[in-house]
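The next block holds one structure in the form of structure tokens; read it before the comments.
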Amino acid sequence: MNYWLMKSEPDCFSFDDLQKAGVEPWDGVRNYQARNMLRDEIQVGDGVLFYHSNCKEPAIVGIAEVVRNGYPDPTAFDPREKHFDPRSNPANPRWYQVDVKYVRHLKQALSRDDLRRHPVLSKMGVLKKGNRLSVMPVTAEQWQAIVRDA
DNA sequence: GCCAACGTTGGC
DNA sequence: GCCAACGTTGGC
């Protein structure tokens, strides 16, 4: 069992949206490093920290769970989609997605300042400057520090 | 294969 | 809105 942090822009898709949806495909990722994790590493049952990015109050807001292993991202095949990629096709898919399920909100969202102040969480990749990965690994220690206290 | 130009991300 | 960081593109 592994743990991940996934970013979403709340103006686009928020954690409340995930709660309403229940289960949602994590689509539109167009970065090879992230693709490799989605396709090869992220497994059903893995834990997900849901992070709101590019917004007024960037923060880890809740917990989700992977409920489907990596499979081809169909939005890459559709020219009407924002993330359409003509180089990807069903016979030879380039981009992958997983399905994630809402679990629960944190009692209190963890802002970047909260994370920076924490002895364990201050090491999280999401705090690193210039980090642009929309999916990144979280250590068991970091996961437990969050799930235990929040 | 190098690298400059360009686009995107995302905190601030 | 600014700008640093980084990935991608494409000419050579």
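Worth saying up front: this structure is predicted, and the values here are computed from it rather than measured. Each chain gets a letter, A, B and so on, in the order the sequences are listed, and its residues count up from 1.
- Comment: A:D73 engages A:R30 in a salt bridge, judged by a side-chain N to carboxylate O separation of less than 4.0 angstrom.
- Other cluster members for A:F77: none, since no ILVMFWY side-chain heavy atom sits under 4.5 Å from it.
- Residues A:V98 and A:L133 share a hydrophobic cluster, clusters being chains of Ile/Leu/Val/Met/Phe/Trp/Tyr side chains in contact below 4.5 Å.
- A distance-only check finds no donor-acceptor pair linking the side chain of A:R112 to the backbone of A:P58 [under 3.5 Å].
- In this structure A:R68 satisfies the salt bridge (charged side-chain N to carboxylate O under 4.0 Å, His left out) test with no other residue, sequence neighbours excluded.
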Next on the checklist: Within the 4.0 Å limit for protein heavy atoms, which parts of nucleotides 7-12 of chain B are touched? Write it as a string from 5' to 3', B for base, S for sugar-phosphate only, - for none.
Outcome noted: BBSBSS

